[in-house]
Amino acid sequence: MSPIPDTLRRAVTEDLLAWFARHRRPLPWRSDRDPYRIWISETLLQQTRTQQAWPYFERFLSRFPTLESLARAELDDVLKAWEGLGYYARARHLHRAAREILLRHGGRIPDRWEALRALPGVGDYTAAAVLSIAYGQDYAAVDGNVMRVLSRVLALPDPIDRASTRRTLRALAQELLPRGQAGEWNQALMELGALVCRPRKPHCASCPLQAVCRARATGRSEAYPIKGARRPVPHYTVVVGLIEDAQGRWLLARRPEGKMLGGLWELPGGKVRSGEELAEALRRELREELGIEVRLGPPVGVVEHTYSHFRITLHGFRCHIQQGTPEGREGQDIRWVAPEEIGHYALARATQKLLAQLAQAPQGELFSG
DNA sequence: GAATCGTGGCC
DNA sequence: TGGCCAAGATT
């Protein structure tokens, strides 16, 4: 690697740290350096905005204040605390990792790279963040903010999507890192990315790095980092059943862990095939998944929803079982739940939206509509 | 290396 | 309004 000019090094270390000292936000996970709290916050913040993670952090910590309380909790309760935040593998991994830490590390968050990195849900970024912020070790935590800031400072022409580009930036960050101040410096770089060097409309005029920033010099800071084209987002039509039994309870099914929304509860149903009617598709899905024949009632509602890599139009219909007793295929958990108990179950957003429409529409309107 | 995996805010 | 994006990890 070519040597780093002193002016650049000074700007991205001393000047940046001075800027951070004045502008750091009082975020709830910055009240101390407790490794458990730092680990939880870093996991919550993966691909998630600070403002969105904030209330979840408060609730999660009050519900699971210690590593041991998390390790001894039921996964369903952990998922309930994560409900609505997305990327639910984070919650499943957190739960598994907590049990591993209690079992193999005496309940203390590991302070060595190898042990930390080996935990489920802990990648390069999170390991570096915990080791630097909680334990004061010299690891550069390179997230999207850091890559954006550095790619602009250098006016990097290489696409940021490429692994080789990311490797280069990680190596550069590790080389720039002021020894003994990694925790502050990592947070400073990320804070700069969040508050000043933002993806859109960066505040270059108030940036502590403006004198050395090559993107700023071109006048086109927003053009960096360079990104490749995205794939088109597919769309599916999905239909689910609000199946009611004689006591007025509804049938919920638990999504298998390891799949999308794994561990969350939903109304049973599935994708509509091309050329297939909604009612036809729903009867087929319920036959295949639960081994029941149903009679369809009135529609519950329609929901548009976007997931991470596709979007759906979700239709719901009331159903009554005509024949058979529902049994989850391959041991999938299913459960009859009284409507007033449904709030105890972790549901995905799309299901919540659909049930919200049900709450708004009186029974009579559904039939007359 | 490329796919998969959520949700909400922004313009 | 629809695409972009956010304190990434896993397979």
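Nearest to the side-chain atoms of A/Pro199 among the listed nucleotides C/dA7, C/dC5, C/dG8 stands C/dC5. Listed nucleotides B/dG6, C/dG8, C/dA7 differ in distance to A/Glu42; the shortest reach to its side chain belongs to C/dA7. Closest to the A/Arg230 side chain, of the nucleotides C/dC4, B/dC5, B/dT7, is C/dC4. Listed nucleotides C/dA6, C/dA7, C/dC4 differ in distance to A/Arg49; the shortest reach to its side chain belongs to C/dA6. Side chain of A/Thr126, nearest nucleotide from C/dA9, B/dG6, C/dA7: C/dA9.
In terms of polar N and O atoms assigned as donor or acceptor, the side chain of A/Arg200 never comes within less than 3.5 Å of the base of B/dC11 in a complementary pairing.
Residues A/Tyr307 and A/His309 place their aromatic rings such that the two centres sit no closer than 6.0 Å.
In terms of phosphate contacts, A/His309 brings no side-chain nitrogen or oxygen within less than 4.0 Å of OP1 or OP2 of B/dG6. Regarding contacts with the backbone of C/dG8, a side-chain N or O of A/Gln47 is found under 4.0 angstrom from either OP1 or OP2. Within the structure, a side-chain polar atom (N or O) of A/Tyr88 is placed less than 4.0 Å from OP1 or OP2 of B/dT7. Checking the phosphate oxygens (OP1, OP2) of C/dA7, no side-chain nitrogen or oxygen of A/Ser41 falls inside 4.0 Å. Here A/Arg198 does not reach the OP1 or OP2 of C/dC4: none of its side-chain N or O atoms lies under 4.0 Å away.
Within 4.0 Å (heavy atoms only), A/Trp29 reaches at least one base atom of the nucleic acid. Contacts of A/Arg30 with the nucleic acid, taken as non-hydrogen atoms under 4.0 Å apart, include base atoms. A/Leu44 comes within 4.0 angstrom of nothing in the nucleic acid, heavy atoms only. Using a 4.0 Å heavy-atom cutoff across all strands shown, A/Met190 reaches at least one base atom of the nucleic acid. Within the 4.0 angstrom heavy-atom criterion, only backbone atoms of the sugar-phosphate kind lie near A/Gly84; the bases stay farther away. In this structure, A/Asp124 reaches the sugar-phosphate backbone alone: every heavy-atom distance under 4.0 Å involves primed, P, OP1 or OP2 atoms, never a base. Contact annotation for A/Leu189: no contact, since no heavy-atom pair falls under 4.0 Å across all strands. As judged by a 4.0 angstrom heavy-atom cut-off over every strand, A/Ala163 is placed among residues touching the sugar-phosphate backbone only. At a threshold of 4.0 angstrom between heavy atoms, the contacts of A/Arg148 are confined to the sugar-phosphate backbone, with no base atom among them.
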Decide ring-ring contact (aromatic ring centres under 6.0 Å, His included) for A/Phe57 and A/Trp29; before the verdict, give the C-alpha distance in whole Å, the side-chain angles of both, and the deciding distance to 0.1 Å. CA-CA 8 Å; A/Phe57 179 81; A/Trp29 44 87; 5.4 Å; yes

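In this entry the distance linking OH of A/Tyr87 with P of B/dC5 reads 10 Å, nearest Å. When the P atom of C/dG2 is taken as reference, atom CZ of A/Phe310 falls 18 Å away, rounded to whole Å.
A distance of about 24 Å separates the P atoms of B/dA3 and C/dA7, rounded to the whole Å. Taking atom C1' on both C/dT1 and B/dG8, the two are 15 Å apart, rounded to the nearest angstrom. With C1' as the reference atom, B/dG1 and C/dT11 are 11 Å apart, rounded to whole Å. Separating the C1' atom of C/dA9 from that of B/dG9 is a span of 24 Å, rounded to the nearest Å. Look at the C1' atom in both C/dC5 and B/dC5: the space between them is 15 Å, to the nearest Å.
Side-chain N/O atoms of A/Gln352 and A/Glu83 include a donor and acceptor closer than 3.5 Å.
A/Lys80 contributes a side-chain N or O that, together with a main-chain N or O of A/Gly343, makes up a donor-acceptor pair within less than 3.5 Å.
Of the two residues near DNA chain C, A/Val122 and A/Gln52, the one whose nearest nucleotide lies more 5' is A/Gln52. Summary of the strand contacts: A/Gly258 and A/Lys201 both lie near DNA chain B, and taking for each the nucleotide with the nearest heavy atom, the more 5' one is attributed to A/Gly258.
A/Phe60 does not carry A/Arg63 over the face of its six-membered ring by the limits of under 6.0 Å from the centre and within 45° of the normal.
A salt bridge links A/Arg117 with A/Asp124: the closest approach of a Lys/Arg side-chain nitrogen to an acidic carboxylate oxygen falls below 4.0 angstrom. In summary, A/Arg96 and A/Glu100 do not engage in a salt bridge, as defined by a charged side-chain N under 4.0 Å from a carboxylate O.
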